[in-house]
Amino acid sequence: QALPTDAVNTTKLAVTDGTVKVGILHSTTGTMAISETGSVQAEKLAIAQINEMGGVLGRKIEVIQEDGASDWPTFAEKARKLLVEDKVAAVFGCWTSASRKAVLPVFEQYNGMLYYPTFYEGLEQSKNVIYTGQEATQQILAGLDWVSNEKKAKTFFLIGSDYIWPRTSNKIARKHIEMHGQKVVGEEYFPLGHTQFNSVINKIKLTKPDVIYASVVGGSNVAFYKQLKAAGIDLNKQTLMTISVTEDEMLGIGGENIAGAYACMKYFQSLKNPNNEKFVAAFKKMWGGESVIGDVTQAAYLGPWLWKLTAEKAKSFDIDKIAAASPGIEFTGAPEGYVRIHENHHLWSKTRVGRARTDGQFDMVYETADLIEPNPFPKGYQ
Amino acid sequence: MTRTPQSNLFGRSFWRIDGDIAGILLLAALLVIVLPLGLDIFRLNMVGKYLTYAFVALGLVLCWGSAGILSLGQGIFFGIGGYCMAMFLKLEASSPEATKIQSTPGIPDFMDWNQLKALPWFWEPFHSLSFSIVAVVAVPALLAFIVGLAMFKRRVGGVYFAIITQAFAAILTILIVGQQGYTGGINGITDLRTLKGWDIRTDDAKLVLYFVNAALLIGCLLLCLYVRRSKLGRILVALRDKEDRVRFSGYDVANFKIFVFCFAAALSAVGGAMFTLQVGFMSPSFVGIVPSIEMVIYCAVGGRLSLLGAVYGTLLVNWAKTMLSESFPELWLFAMGALFIGVVMVFPNGLAGLYQQFIAPHLRRLTARRSGGAAAGAPIIPPHTAAD
Amino acid sequence: MLSVNQLRVSYGESEVLHGLDFTVAPNEIVAIMGRNGMGKTTLMKSLMGIVPARSGAIRIGDSEITGLKSYERVAKGVAYVPQGRMIFPTMTVQENIETGLSVHGGRSVPGDLYELFPVLLEMKGRRGGNLSGGQQQQLAIARALATKPKVLLLDEPTEGIQPSIIREMARTLRRIRDEKGLSIIVSEQVLSFALDIADRVLVIENGEIVHEDSRGAIDEAKVARLLSV
Amino acid sequence: MFEGYSLAELGSIFAMQGFAGLILFSVFVLMALGLAIIFGQMGVINMAHGEFMILGAYVTYLCSNFISSYAPALFPAYFFIAMALAFVASGALGMLVEWGMIRFLYRRPLDTLLATWGLSLILQQVFRSVFGAREVGVVLPDWLMGSVAVTDTIEVPINGLFVMGLTIAITVVIYAVMFRSRWGQGVRAVMQNRVMAGAVGINTEKVDRYTFGLGCGIAGVAGSAFTMVGSTGPTSGQLYIVDTFLVVVFGGAQSLIGTIASAFTISQAQSTMEFFLSGSTAKVLTLLTVVVILMLRPQGLFVLKVRR
Amino acid sequence: MANPTDYLLAVEGLTVSFDGFKAVNDLSFYVDSNEIHVIIGPNGAGKTTVLDLICGRTKASGGSIKFRNRELTAMKEHQIVKAGVGRKFQNPSIYDDLTVFENLEISYPRGRTVFGALAFKRDAAVRERVAEIAEMIFLADHLDQRAEYLSHGQKQWLEIGMLLIQDPELLMLDEPVAGMSVNERKKTAELLNRIIRNRSVLVIEHDMKFVEDIAHRVTVLHQGKILSEGSMERVKTDPKVVEVYLGH
Ligand SMILES: Nc1ncnc2c1ncn2[C@@H]1O[C@H](COP(=O)(O)OP(=O)(O)OP(=O)(O)O)[C@@H](O)[C@H]1O
Ligand SMILES: Nc1ncnc2c1ncn2[C@@H]1O[C@H](COP(=O)(O)OP(=O)(O)OP(=O)(O)O)[C@@H](O)[C@H]1O
Ligand SMILES: NC(N)=O
Ligand SMILES: [Mg+2]
Ligand SMILES: [Mg+2]
């Protein structure tokens, strides 16, 4: 089956007759290591599984891992190293939008391929990136519609960390809310790492919103939910919907502090389908029974698989051919069910709503009937 | 009088000119000949990036080493310099044609994402390259002037000053991150492409920028050397040790502090601007507390009293960071931590101290046989002046 | 009481004391005289354990104290009034004196200290750093006495003190010596004070003892000559 | 912004807002007390202070796991055990660090900044290697997580009360130890003139070691308490460092009252502004206020004036 | 009493209190041109505080200090120096890291502004003046030595030299011979007697022998007030002075 190296690699990538090199570029140190560890594990799992099945175009995948150290310039430096020095055929990496923005020009300049796993704010599209997470509308709109119907919600309080993703997400959410005649009664942002939420909790008590809509990220979450609970806000009575808490964050928050909250994601570890059961089992086998899998971790798992499928369709590792062949690639083995790459290099995927349990898992309470079309430049929401 | 002071002084300063200038020439040779020949363009560009931090370290040598003013907020000035440059480059990259898919073409992309409909007023002047270049130096210097005026006239000093500059770094970071419509937020200003139509992303451009950067650094080094050797340089040392005595010798001490602080700020800003040009973006992660402390560490590793040491220290720490994190992703923080502790504990005067202790005596013996006896009989040089 | 044997002290490469030998008897007051830079302070500091001795031995009574840390020497009965006073500036006068109590666990400042230096009682709530130079000098002596020493080291105690108190001090120190039975080593440049107080005078020059006279037989002219070369 | 709320509602909101300010105040004091000793009294710029706090938090985490698996009956009270252990662990590490590193640097305060920065990097990586990069969830006994209803509309979080109580207790202890005991006098003497303190009979090495250990131990207790309100991860400690230093410096480094006054000012400024402005703006304005006041009172709120 | 404007320095009604304690209390005294004026008095009388007030280190609570008819109380330290007042501290305050030459050069009154200092040239005038002063303070052979290694007495002289090079009209010395050997005291007295051409010197000292050697006029301070004033002979025999200061 193996095609000659000359044929699959016309651009001097690090491909030999037996191997192909790829890069993994995440933070294993610094504040973002908390979130990115799961992605690294998922990508390594996928690569191990692919290698076990014979690799890509008959070549075993070799991984070069670099540490972005939660520092955007370091991401850029390491990306350049992977592309220029190591000549990797694909990079799986980045988590925050900031790191992606930092490496994007590098990938475009040196013509590399990045598989980016995180749900993000949209407003971007690149030949050199496959976005395996959701852009904002895929994550937000269906979830908002669901709470509006289910909880008869009229008023919303938006709270997020102070950076582009929460702000952009909330902008879209606000448009959507106001379009439907509902009302935003508060919108607050806190610096990353902020740990004091008592004032905003008082404001929430004052405004009595039907829904608290939260996009607080990182360690701040722990403080936020513990303080909510301590302030006597019972999430079984007060509806809270988050677009930033996955099973990963639940570890630190503690299930008992967030139980009852709703999260709007495309994947939960508790999803019941054969793909997912296999995936969860394999993940735990590789990384230990204690480990949990969040939305982004699953999206990261898709990266190597999508790349393999694309390379095999294109019969080449050449970046241009991969980019061109990507639209339409389907991955039926996806733990989230089934995904397909759109023309715009994002994935078609479902929106799901889960309810947090005390054991740190989610019960899925809703999923969209169909895959939702990715729309990174949503008209009417800008 | 047995010896005239003139002849003594001449002898002494001649040796110093030889020593320092030779050091600078050696560094220049390393930067413009050895490294470009020895490294590929990717690594060379990385060295170029490291060298931009050396501007900050130079400023710290004057500010901290000479005058004893420790600023833990030099990232502020590095960042502002970088942002001024980035604003110009971003505007050039945001021509209406290049941004026609935006809802408001002609403004930077992040503004469009943040629903801005027009360019904010303070961005307007950055259409002009000459304004931007002036701003790179002037804005940070002005800010430093205001901060310095407020602090030094009130005689805030020492650790207090250090902590307050840290607070300023925190303030500025929060502002930049919070005002993302105007600043690009936490992402920074990314995707910079051309300078007056010249593509700064190509290998050739990187090579040119590297040399420009190296030349600027050598220039700044000479400038610092001039400052340090002037009477002003000696006054700085004097006020570090005996501020009251300087005051009672008729000097307005605050003015001198303000001057070095502004000077260091301007140097940092030049570094920041060169960073933007070579790396292609600027982000608030250079403004904050962590990078500011790291910059102090570069200076400490090099030897806080030595200008040349600062450059080598910067190179060493950054090179170590890159290499260790490539080779030992799990362990590199241990190594970095150990490096800092080691430098402080074992080589309190950094690389420069090492040089003074182990290399310089041999060199001196080789070069100055005649005065060799005098050197041997001289009192032991206390460590804190070794690198002066 | 105190015996010093072949004491050598150096700063880095340069040796300052070149093998000093002397003893101080119980209840004796010895004045160490010498010009500037001859090693008086260095001697005091090395007796106190502040600068290490390169070789030689120091004993208090029967116990060797050569290798001990400062605070251990204080426990053995050495007390020190440094040149330059070294008051703890932000602590009150009373607290300054109390620091001297910690070594024997005393609770409160013995009243006789305040009797010796009435000005300190008057100022006991004032911060040490705010005292005038002479007041600080008195405080430093009181603080040293609070440790109940057997041997008291005084490094130029008259520096900055008004003439009447200097005179008083000679009397006071002799009285303390008589009452408490301690030995005193005092370094001085001023001959008159030394003559007032000392049982014996040692002249130190370039780190060696060059002259010794006991009270009554002091060759004033010779000492004066040695002090003003 | 208050239209549509009854007076009673507003009243209770302000009461709760005041209480939120008090909690923040307690948090600041707790963070700063250890540093007030280490930095204010000893002059060591300990950039690893946050890591000593997080060590306390991890100890609490281990303790909660251990007790819930082996002695579930003790669980409701485990927090007290955890705090004691946190004090011991951070204090012991502090003494070790003092012995291995700090004692060589007393004459070079700015160098302590660099060395402890290195230490903080190492500790972070140790935490990461031992506990993983992710945050750990510290399970708290239920009684700590509720709130008491003072009136129908005013609810007060119990963990807030707990932190406040703890703060008061620790403050009193520190005040007694540092300013009312012979030991504290020794500490101050050593810090003002180490050589002379030895020469009046104080065992300076012991004082240094135990004082540093005490400061670190208190950091550990603070970290333990903060598991109730904050996150516990390898880098969580860095979040606290700037605020902590600012509180201590703003107070006037050598004064305990100053530290408390400064914590009060900053917390009230922040919580009031947070209510009327956005979180980020409030933070900026708080920091600016502190800086401006520091310019007016360059040595902090409470200075011990001594002539130079 | 002569018109205050005739005096080089006129201190009138000067008062300062620290937390209610009046260290200097409604003090008035005058310093003539070309005189060596010594202030003596018991420990804690307020002598150092008076110098602190004159040179601007401590702010007065009341009263005036006129130097050549210019009010000093409102001026900053460096302005007072520029007006012609030099101050030596009780402990020698010199720059340990610099050489004797550099110590003197820094005090040379040219290039005192930031840019002046940047442009400052070590020209012949500077070198000559430094050499001249060094000669005067017995340090001509030590110009290249680091100040740290000077003896105590030499450090005191160096600091005096640093003031002399500024050519002040009023030189204030706080216990200049403390810690000096007998010989050095003599030389210092010589030095002071030599330098008073065109200037006045205000000295605080406890060494009566030294005071006798130098004083043109003596002011005795006690509890912040003047106890006695006049020539050394007169003061020495004043019973009040003997009582509180000299002792019997
Ligand atoms: N820390 C030091 N390092 C190097 N040399 C020193 C140090 N301290 C003192 N010396 C030198 O040791 C010698 C003796 O100094 P010491 O202070 O003991 O003299 P002294 O007799 O007390 O003089 P003085 O009367 O001025 O107090 C001097 O030559 C001095 O320069
Ligand atoms: N900042 C201050 N706070 C409180 N008291 C002070 C302060 N400064 C000075 N004093 C007091 O004022 C008095 C005068 O002090 P000053 O130093 O002027 O005395 P002096 O005449 O120089 O004495 P000496 O001869 O001992 O040096 C002293 O009693 C001193 O304790
Ligand atoms: N893309 C995000 N969540 O930063
Ligand atoms: Mg001495
Ligand atoms: Mg005095």
Side-chain angles (χ1 to χ4, degrees), chain C residues 11-12 14 33-41 83-86 93 117-120 122-123 125-127 129-139 155-171 187-194 205 223-229, chain E residues 18-21 23-24 40-52 58 89-92 148-157 174-187 204-211 220-224 236 241-248:
Chain C
Y11 295 106
S14 69
M33 315 266 314
R35 286 175 293 126
N36 290 115
M38 289 304 152
K40 302 182 295 293
T41 300
Q83 191 171 20
R85 297 143 199 164
M86 307 214 190
V93 167
F117 303 110
V119 66
L120 297 182
E122 204 178 301
M123 315 221 141
R126 199 172 289 183
R127 293 195 191 284
N130 287 340
L131 295 190
S132 81
Q135 293 164 341
Q136 290 189 357
Q137 185 70 47
Q138 300 174 36
L139 175 56
D155 197 355
E156 306 202 18
T158 60
E159 209 178 285
I161 295 207
Q162 68 186 75
S164 61
I165 295 187
I166 295 183
R167 254 177 251 181
E168 186 75 16
M169 200 147 83
R171 260 172 271 161
S187 84
E188 258 311 322
Q189 315 225 12
V190 183
L191 189 52
S192 58
F193 178 74
E205 185 150 321
V223 174
R225 209 170 46 246
L226 281 168
L227 291 184
S228 60
V229 171
Chain E
F18 303 107
D19 322 310
F21 172 81
V24 174
I40 60 174
N43 294 129
K47 304 179 294 296
T48 302
T49 310
V50 169
L51 292 205
D52 283 349
T58 304
F89 295 101
Q90 199 158 345
N91 294 321
E148 194 182 3
Y149 297 124
L150 295 177
S151 79
H152 183 80
Q154 290 173 325
K155 286 182 184 173
Q156 301 273 39
W157 289 335
D174 196 350
E175 303 193 24
V177 299
M180 280 192 187
S181 66
V182 187
N183 249 19
E184 288 172 324
R185 286 175 200 226
K186 274 195 208 123
K187 279 176 126 179
I204 296 177
E205 206 22 89
H206 288 300
D207 180 350
M208 284 307 116
K209 190 146 172 329
F210 179 74
V211 176
V220 187
L221 225 55
H222 181 48
Q223 297 183 336
K236 209 163 60 171
V241 179
V242 174
E243 173 64 32
V244 303
Y245 183 64
L246 296 171
H248 302 284

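Residue numbering restarts at 1 for every chain, and letters A, B, ... go by the order of the sequence lines. Only a predicted model underlies this, so the values are computations on that prediction, with no experimental measurement involved.
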Participant: Rounded to the nearest 0.5 Å, what separation is found between the NZ atom of E:Lys209 and the NZ atom of E:Lys186?
Facilitator: 6.5 Å

Participant: Only pairs of heavy atoms separated by less than 4.5 Å count here; which of E:Ala178, E:Gly179, E:Gly247 has the most with chain C?
Facilitator: E:Gly179

Participant: Mind checking side chain to side chain contact (heavy atoms under 4.5 Å, CB included) for C:Lys40 and listing every partner two or more places apart, or none if nothing turns up?
Facilitator: C:Ile32, C:Glu156, C:Ser187, C:Gln189, C:Ile204

Participant: Can you tell which part of C:Gln138 gets under 4.5 Å to a heavy atom of chain E, answering side chain, backbone, both or neither?
Facilitator: side chain

Participant: Side chain to side chain contact (heavy atoms under 4.5 Å, CB included) with E:Val241: which residues, sequence neighbours excluded?
Facilitator: E:Val220, E:Leu227, E:Ser228, E:Val235, E:Asp238, E:Tyr245, E:Leu246

Participant: Are any non-hydrogen side-chain atoms of C:Arg126 and E:Phe18 less than 4.5 angstrom apart?
Facilitator: no

Participant: Against chain E, label C:Val190 side chain, backbone, both or neither, depending on which of its atoms sit under 4.5 Å from a heavy atom there.
Facilitator: side chain

Participant: Which one of C:Gln136, C:Met123, C:Arg167 has the most heavy-atom pairs closer than 4.5 Å to chain E?
Facilitator: C:Arg167

Participant: Under 4.5 Å heavy-atom distance to chain C, tell me which part of E:Val244 shows up: side chain, backbone, both or neither.
Facilitator: backbone

Participant: Whether the side chain of C:Glu159 engages the backbone of C:Gln83 through a donor-acceptor N/O pair (distance < 3.5 Å, no angle test) should be reported.
Facilitator: no

Participant: Name the option with the most non-hydrogen atom pairs under 4.5 Å to chain C; the candidates are E:Glu243, E:His152, E:Met208, E:Met180.
Facilitator: E:Met180

